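Counting from 1, the numbers follow the sequence of the chain as shown. Keep in mind it's a predicted model, so treat the numbers as computed, not measured.
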Amino acid sequence: MSLRPWSGQSPASLLLRGAIQLVLCGFFLWFALRLATDGELAQYAEEFASLRLIALLIGVAAIGVGVLALARIAVGFLDFSTATEVTGTVVSVRDRQTLDFLPHSALQALYRRNPHRIDARKRRTELVLHTDAGTRQWTVHKSGLVRDLRRGTTVRLTVTPLAGHVSRVTPVPS
């Protein structure tokens with residue numbers, strides 16, 4: 001399981017999503033500021049104190065999410081120009097789902113509320129390679145890149161260092 005935030009996402013996706021998130025945070029900050037300083041609401045003294053508290057909470061949340069958006073944009077920008085190649089032997093290629101590391105009973109308790117028993121968890125493909133630097137794992141969002149890989153195959157990956165986006169998988173002839 002990768003502990004990298006935004007694991008496997010492309011740099012362009014990180015930049016676009018970060019920019020959208022930053023614009024939304026700017027809107028919520030503007031809204032919170034208007035809510036806290038609106039003169040027309042000041043005539044309702046009791047409610048105005050509650051509204052100012054709500055505006056403060058909205059502002060703090062928007063700033064926190066905005067900092068994460070800036071981090072996402074920075075990671076996307078740095079990953080755009082720093083793709084590297086990694087060569088190794090395939091240890092495993094598995095389809096994974098969100099929270100699949102939990103015990104089966106815990107998964108049943110979490111997803112039992114679904115009346116149609118449809119498993120709507122996000123799916124991803126996990127590629128594990130044995131490289132010169134040890135065993136490493138990547139999340140591959142385009143499963144077509146690794147569809148034909150088998151255990152023991154030597155491959156060369158083009159990956160970004162921060163988000164770990166796999167853009168190319170090339171089998172290496174033995």
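In this structure, OG1 in T158 is found 4.5 Å from CD in E85, a value given to the nearest 0.5 Å. From T87, atom OG1 reaches atom CG of L157 across 8.0 Å, with rounding to the nearest 0.5 Å.
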Contacts table for residues 9-19: side-chain donor-acceptor under 3.5 angstrom, sequence neighbours left out:
from	atom 1	to	atom 2	distance (Å)
S10	OG	S13	N	3.2
S13	OG	R17	NE	3.1

Side-chain polar contacts of residues 53-81 - donor-acceptor pairs under 3.5 angstrom, sequence neighbours left out - could you list them?
from	atom 1	to	atom 2	distance (Å)
D79	OD1	L162	N	3.1
D79	OD2	T160	OG1	3.2
D79	OD2	A163	N	2.8

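Of the possible polar contacts, none joining the S92 side chain to the R94 backbone as a donor-acceptor pair under 3.5 Å is found.
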Evaluation steps, side-chain contact (heavy atoms from CB on, under 4.5 Å), between L127 and L149: CA-CA 9 Å; L127 174 63; L149 292 184; 4.1 Å; yes

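Considering only heavy atoms from C-beta on, T125 comes within 4.5 Å of V93 through its side chain. Looking only at side-chain heavy atoms (C-beta outward), T89 and L129 stay at 4.5 Å or farther from each other.
Across all non-hydrogen atoms, the minimal contact from V172 to V155 is CG2-C, 3.8 Å. Shown here for V90 and R150, the closest heavy-atom pair between the two residues is CB-O, 3.6 Å. The heavy-atom pair separating T135 from H130 by the smallest distance is OG1-ND1, 3.6 Å.
Tracing side-chain contacts under 4.5 Å through hydrophobic residues (I, L, V, M, F, W, Y), one never reaches I20 starting from L22; they form parts of separate clusters. Both F27 and L35 are part of a single hydrophobic cluster, where members link through side-chain heavy atoms under 4.5 Å apart.
Membership of the apolar cluster around V91 extends to V128, as traced through chained side-chain contacts below 4.5 Å between ILVMFWY residues.
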